[in-house]
S.K.: 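Here you go, one structure.
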Protein chains: 2
Amino acid sequence: MKNPDLTPQTRTDAGLAAVLRVAVGRLARRLRAQRPDASLSLGQGAVLFALARHGQMTPRALADHEKVQPPSMTRIITALEERGLVTRTPHPQDRRQQLVDLTEAGRTLVREDQHRREAWLARRLAELSPQEKAVLREAAEILDRLSQS
Amino acid sequence: MKNPDLTPQTRTDAGLAAVLRVAVGRLARRLRAQRPDASLSLGQGAVLFALARHGQMTPRALADHEKVQPPSMTRIITALEERGLVTRTPHPQDRRQQLVDLTEAGRTLVREDQHRREAWLARRLAELSPQEKAVLREAAEILDRLSQS
DNA sequence: GCCGTTTGTTAGCAAGGGTAATGAGTCGTG
DNA sequence: CACGACTCATTACCCTTGCTAACAAACGGC
């Protein structure tokens, strides 16, 4: 059934890279499609999540953190601000910069997300064995580091 | 430094889902940006990869496999055909269907990809320990299954 | 032979990313 | 102290890539 020439060589870095790329791409697509539309986009969710974790940040820092160009981050922040989930306040020292922070509503939404927004993925995760979940827990951390470097 | 309320609860399914979603989203973005532009889009690459693994497939099967709607797959296949990487041939039994298959050029490109297209990711992977790579290898398989279900 | 279903396509649309250009602010250096 | 270079955020514009809706062709049960 498999052509040995073309079988993914998951043993090599390149082969692992290929498999991983496909898997990540497919899951990202799937997650995007799963968005209940009443809720946030992937990028918006990630920003709220980052703010919840790290506290107030400048748009620049958020852009770097999310591996996105500044204009894209501007758009995300604008959308979040319009929905009353974050505020922009001027930076006390540097008037070029701004500080983005969660509003109470934003904070609440983040918490709700923990219970609702990841429902689809969480449902799938629930079907996994504890061992598999442990693998994913480790993998998430590694994948994050990969994106950073 | 951390507000306990907001600390990602990676121990719960929901928390893991949140972290995973962010990590996957970010890496997908990063991978997309890495595309040398002379090469394939993420979707195109995934299709070529699938064809290399499974042999000829119908557009429908490819769409299902990649978790994409049929029209999106049509566009991907059209693009690949225009570049001479795949052929469409009529299905011998069912004249509604077509069989998509790699051309020799496509096959070559897939192989090249193993050495070039994943270069960025492979470079990052090379910096990981064997244990970490083992985790990712397992994780890739699990993530794939998640997308399927 | 006909009607419902499936397959692939076309058309049109929206989300979300990117680059280029701009304006305001900061900071080092002459 | 003034000016030039750099940084931050934003605006304007474009392109990719996914989607849904609508459709024509072909299959298949009855």
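Every chain is numbered from 1 and lettered A, B, ... according to where its sequence line falls, protein lines coming before strand lines. Just the heavy atoms: all of them, side chains too, but no hydrogens, waters or symmetry mates, feed the values below.
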S.K.: Would you mind reading off the distance between A:Met73 atom CE and D:dT10 atom C1', rounded to a whole angstrom?
M.R.: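 In whole Å, D:dT10 C1' and A:Met73 CE are 14 Å from each other.
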
S.K.: Contact class for B:Thr78 vs. all strands (heavy atom < 4.0 Å): base, sugar-phosphate, or nothing?
M.R.: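 Nothing: the residue B:Thr78, judged by heavy atoms under 4.0 Å, touches no strand.
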
S.K.: Looking at every strand, decide which applies to B:Arg30 at a 4.0 Å heavy-atom threshold: base, sugar-phosphate, or nothing.
M.R.: nothing

S.K.: Please check the phosphate of D:dA9 (OP1 and OP2 only) for any side-chain N or O of A:Thr74 closer than 4.0 Å.
M.R.: no

S.K.: Write down the distance between CD (A:Glu82) and P (C:dA15), rounded to a whole number of angstrom.
M.R.: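 Rounded to the whole Å, the gap is 13 Å.
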
S.K.: Roughly how many Å is it from CG in B:Leu62 to C1' in C:dT7, rounded to a whole number?
M.R.: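 Going from B:Leu62 (CG) to C:dT7 (C1'), I get 13 Å.
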
S.K.: Atom CG of B:Leu99 and atom C1' of C:dT7: how far apart are they, to the nearest Å?
M.R.: 13 Å

S.K.: Specify the closest pair of heavy atoms between B:Ala122 and A:Ala17, including all atoms of both residues, with the distance to one decimal.
M.R.: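 Nearest pair, atom of B:Ala122 first, then A:Ala17: N-CB, 4.0 Å.
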
S.K.: Please give, in whole Å, the distance from C:dG23 C1' to A:Gln97 CD?
M.R.: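 Taking CD of A:Gln97 and C1' of C:dG23, I get 16 Å after rounding.
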
S.K.: Please give, in whole Å, the distance from D:dA9 P to A:Leu80 CG?
M.R.: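 Taking atom P of D:dA9 as the reference, CG of A:Leu80 is at 15 Å.
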
S.K.: Considering only nitrogen or oxygen atoms on both sides, find all protein atoms under 3.5 Å from nucleotides 16-19 of chain D and state each distance.
M.R.:
from, atom 1, to, atom 2, distance (Å)
D:dT17, OP1, B:Arg35, NH1, 3.3
D:dG18, N7, B:Arg75, NH1, 3.1
D:dG18, N7, B:Arg75, NH2, 3.4
D:dG18, O6, B:Arg75, NH2, 3.0
D:dC19, OP2, B:Gln69, N, 2.9
D:dC19, OP2, B:Ser72, OG, 2.7
D:dC19, N4, B:Arg75, NH2, 3.1

S.K.: Working to the nearest 0.5 angstrom, can you tell me the gap between B:Thr87 OG1 and B:Leu80 CG?
M.R.: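 Interatomic distance, B:Thr87 OG1 to B:Leu80 CG, rounded to 0.5 Å: 11.0 Å.
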
S.K.: Quickly work out the A:Ile77 CD1 to D:dT10 C1' distance and round it to whole Å.
M.R.: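 In whole Å, D:dT10 C1' lies 11 Å from A:Ile77 CD1.
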
S.K.: Under the side-chain hydrogen bond (donor to acceptor under 3.5 Å, both in side chains) test, which residues partner B:Glu81, sequence neighbours left out?
M.R.: B:Arg88

S.K.: Do B:Leu128 and B:Ile142 belong together in a cluster built from hydrophobic side chains that touch within less than 4.5 Å?
M.R.: yes

S.K.: Out of B:Lys133, B:Arg123, B:Arg124, which one pairs with A:Asp13 under the salt bridge (charged side-chain N to carboxylate O under 4.0 Å, His left out) rule?
M.R.: B:Lys133

S.K.: So how far is it from A:Arg26 CZ to A:Arg21 CZ, rounded to the nearest 0.5 Å?
M.R.: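 That separation rounds to 11.0 Å.
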
S.K.: Using a cut-off of under 3.5 Å, enumerate the N/O to N/O pairs linking the protein to nucleotides 24-27 of chain D.
M.R.:
from, atom 1, to, atom 2, distance (Å)
D:dC27, OP1, B:Arg95, N, 2.7

S.K.: Locate the shortest heavy-atom distance separating B:Ala50 from B:Leu62; write the atom from each residue and the value.
M.R.: CB-CD2, 4.3 Å

S.K.: So, for B:Ile77 and B:Val86, which heavy atoms are closest and what is the spacing to 0.1 Å?
M.R.: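 Looks like O-CG2, 4.1 Å.
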
S.K.: Measure across B:Leu51 and B:Val100 and return the closest heavy-atom pair with its distance rounded to 0.1 Å.
M.R.: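 Shortest heavy-atom contact: CD2-O, 3.6 Å.
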
S.K.: Please state how far atom CG in B:Leu31 lies from atom P in C:dG17, giving the value in whole angstrom units.
M.R.: 15 Å

